[in-house]
Amino acid sequence: MKTKLILLYGGKSAEHEVSLQTALSVINALDLNKFEALPVYITNDGDWVQGPEITHQLDFSDQLRFSPEEQFRLAQKEDEISSGFLISPADVTEERENTVVFPLLHGPNGEDGTVQGLLEVLNLPYVGNGVLASAAAMDKIVMKKVFADAGIPQLPAVAVRSIDWKNFRDEMVADMEAALTYPMFVKPANLGSSVGISKAENRDELYQAMDEAFLYDRRVVVEQGVVAREIEMAVLGNDTPACSVPGEILPKGSKAVFYDYKAKYQDNDTTLVIPAEVSEEVENKLKEYAIQAFLGLDASGLVRADFFVTEQNEIFLNEVNTMPGFTPVSMYPLLWQASGISYSQLIEQLVELGLERQEAKNQLKYRLED
């Protein structure tokens, strides 16, 4: 019997287009002899639209856009929920037990634990991280506190709320300049794919960067810049995760100041060096910290851990991503390819890990027995 794989993609976040690219890549890599691929497109307005079963490879991500007016629209009214694609908890059937959801959503309302919470309530197995890991890793401020508790080295940072920036912006800048030195990196607390991130070389640029970041979030983190290599590690597993070989990001454009959204998804002007040339000692330390971060977040399925490595071989964990870029040319799949796991095999392993986690949850007691 085929596994019914529900692919969730799109979403209301600024990373909508990235999600479409991811969905296209995953669909085209699926073994359709093993999987019944069912697309569910979440529009920019938040409508959930079920598309027809995928029976062949697709050429363009636009083929995965469906309008709410099409005949495959999901039921939206509360009294029609059970007739929609995401059936109610009461509608447990044999067919449903062979169903797995693959959230291919990046950013808020998808990667931050919200969709994961819905799937938990529906008791549907799904690929990737759960509510806690997704929410904590999405929030760069909370994430840093988790890593600090785990003793993982990080660069200094300052967290700022929009209300404080609005009322005390000069005082906030003074606090940043007291705690950090230029250059500084300004990031929305809850966003990925480098959206809304700016590098500030001076006070004027810092003001501009803060205003830009607050367009995307009500909380912002300002981090100390550092001259370092950007090294990434891919982690795969549940309770006993494994690490890939390391990979290095080298933005090669003459105007590139860091690995921003444009460099990642538009310019194709970035070199990925896999495996990265690091000493055995540094590689072992990167793996150790990546696993510590994974376990500290209670992660499951997949995580990409992003590090800075200085010329003196100092290591700082920058952040982790619980739904990293997942096209065949993205760093996470490429790291596993270099470690002996192909793109198609990686997808199948992630589905198996999702089922494994669901089985473990099903063994737990959630109520007292009579």
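Here the two rings, on Phe316 and Phe307, have centers that are 6.0 Å apart or farther.
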| task | For salt bridge (Lys or Arg N to Asp or Glu O under 4.0 Å), just list the numbers for Lys145 and Asp139, CA-CA rounded to whole Å, side-chain angles, deciding distance to a tenth of an Å, and then say yes or no. | result | CA-CA 10 Å; Lys145 293 180 179 179; Asp139 190 304; over 6 Å; no
| said: salt bridge (Lys or Arg N to Asp or Glu O under 4.0 Å) for Glu280 and Lys287? Distances and angles first, verdict last. | reply: CA-CA 11 Å; Glu280 183 178 355; Lys287 290 181 176 180; over 6 Å; no
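For the side chain to side chain donor-acceptor pair (under 3.5 Å) condition, the pairs that include at least one residue of residues 152-163, sequence neighbours left out, are Arg161-Asp164.
Geometric assessment of Arg304 against the ring of Phe326 yields a negative cation-pi assignment under the 6.0 Å and 45° thresholds.
In summary, the side chains of Asp45 and Thr43 do not present any donor paired with an acceptor at a separation below 3.5 Å, with no hydrogens or angles considered. Residues Glu120 and Gln116 bring no donor and acceptor atom of their side chains to less than 3.5 Å of each other. Counted by atom type alone, Asn202 and Tyr207 present zero donor-acceptor pairs between their side chains at under 3.5 Å. In the model, Ser134 has no side-chain atom that pairs as donor or acceptor with a side-chain atom of Glu111 under 3.5 Å. Between the side chains of Thr22 and Ser19, no donor N or O sits under 3.5 Å from an acceptor N or O. Remark: the Tyr182 side chain and the Glu177 side chain contain an N/O donor-acceptor pair separated by less than 3.5 Å.
Heavy atoms of other residues, nucleotides or ligands lying less than 6.0 angstrom from CG of Asp239 number 12 at most. Counting non-hydrogen atoms of neighbouring residues, nucleotides and ligands closer than 6.0 angstrom, the CD1 atom of Ile163 reaches no more than 12 such neighbours.
The backbone N or O of Ile42 lies less than 3.5 Å from no partner atom in the side chain of Asp47, so there is not a single donor-acceptor pair.
Under the 4.5 Å side-chain criterion, counting only non-hydrogen atoms from C-beta, Val220 is not in contact with Trp165. Between Val351 and Leu5, the closest side-chain pair of non-hydrogen atoms falls below 4.5 Å.
For Glu223 and Lys144, the salt-bridge test passes: some basic side-chain N is under 4.0 Å from an acidic carboxylate O.
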